[in-house]
Amino acid sequence: DAGVTQSPTHLIKTRGQHVTLRCSPISGHKSVSWYQQVLGQGPQFIFQYYEKEERGRGNFPDRFSARQFPNYSSELNVNALLLGDSALYLCASSLGDSGANVLTFGAGSRLTVL
Amino acid sequence: DAKTTQPPSMDCAEGRAANLPCNHSTISGNEYVYWYRQIHSQGPQYIIHGLKNNETNEMASLIITEDRKSSTLILPHATLRDTAVYYCIVRPYTGANSKLTFGKGITLSVRP
């Protein structure tokens, strides 16, 4: 069975540009979460979606937005990119949205902002 | 903020048991203890989780103290491929916001 898939795997943008990252959850998983990991730190929570509704939002500016589609896939959008947005962006999926559900992570999308 | 405290690093010899400690003295009754690991440049990998009782799976064992204020992850026979950053996380099991709050983790180095 396919795991959590993310695209693109690597991308380079310049300051001020916009980026869209995509995530396909494990089949049957209805919850998707997004995390940002900058070099040398642990992942930081950005968003959680369950059944197409936002269930949680981390301490990130409004430049960050996300949505979940009817097939449970998800997009993370970042506007007006800053150098500090350079990071590994991780998507995780789970069956449900409670803490009893194990999150399975994808390999991530590595964003470099120049 | 992370609610767990882990030493920054440790090492062990290949084939030996690796015992990774974690303090979570402010854990609530409705919070699980989760362990994930991250091998360089890959996504975090789930290892094990528990609430009160000790747990074991094909990867590791999780020992939680009776007062639940600390736990130990045990890799029974460490291999070179177990070299990674290991994260101990407390996570509520109720409520809609079930995010994982990662700290800095502990870097485990397995030596030949």
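What's counted below: heavy atoms across the whole structure, side chains too, no hydrogens, waters or symmetry copies.
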Handout entry: Heavy-atom neighbours of L39(A) CG exceed 12 at 6.0 Å
Key =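 Incorrect, the count does not exceed 12.
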Practice task
Using a cut-off of 6.0 Å, state whether more than 12 heavy atoms not belonging to K52(A) lie near its atom NZ.
Solution key: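 Result for NZ/K52(A): enclosed.
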Exercise for the section: List the atom of Y46(B), the atom of L103(A), and the distance in Å for their closest heavy-atom pair. Expected result: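 Here Y46(B) and L103(A) meet closest at CB-O, 4.3 Å.
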Problem - Heavy-atom pair of closest approach, residues G42(A) and Y87(B) - result: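 Answer, listing the atom of G42(A) first, then Y87(B): CA-OH, 3.6 Å.
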Problem - Distance (rounded to the nearest 0.5 Å) between K99(B) NZ and Q48(A) CD - result: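 The NZ atom of K99(B) sits 10.5 Å away from the CD atom of Q48(A).
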Problem - Interatomic distance, F102(B) atom CZ to Q37(A) atom CD [nearest 0.5 angstrom] - result: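 So the gap between those two atoms works out to 8.0 Å.
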Exercise for the section: Verify whether the ring centers belonging to Y36(B) and F105(A) lie closer than 6.0 Å. Expected result: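 Yes, the ring centres sit under 6.0 Å apart.
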Practice task
Using non-hydrogen atoms and a 4.5 Å limit, figure out which bit of L51(B) sits close to chain A: side chain, backbone, both or neither.
Solution key: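 For L51(B), no heavy atom lies under 4.5 Å from chain A.
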Exercise for the section: Identify which part of Q38(B) has an atom lying under 4.5 Å from any heavy atom of chain A, answering side chain, backbone, both or neither. Expected result: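 The side chain, not the backbone.
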Mind checking whether [X] and [Y] sit in one hydrophobic cluster, side chains of I, L, V, M, F, W, Y counted as touching below 4.5 Å?
X: L21(A); Y: F45(A); value: no
X: I48(B); Y: I64(B); value: yes
X: V33(B); Y: I63(B); value: no
X: V19(A); Y: Y89(A); value: yes

Problem - Test item: Y35(A) side-chain N/O and L100(B) main-chain N/O as donor-acceptor pair under 3.5 Å - result: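 Present.
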What part of [X] is in contact with chain B, defined as an atom under 4.5 angstrom from a non-hydrogen atom: side chain, backbone, both or neither?
X: Q44(A); answer: side chain
X: Y50(A); answer: neither
X: L90(A); answer: side chain

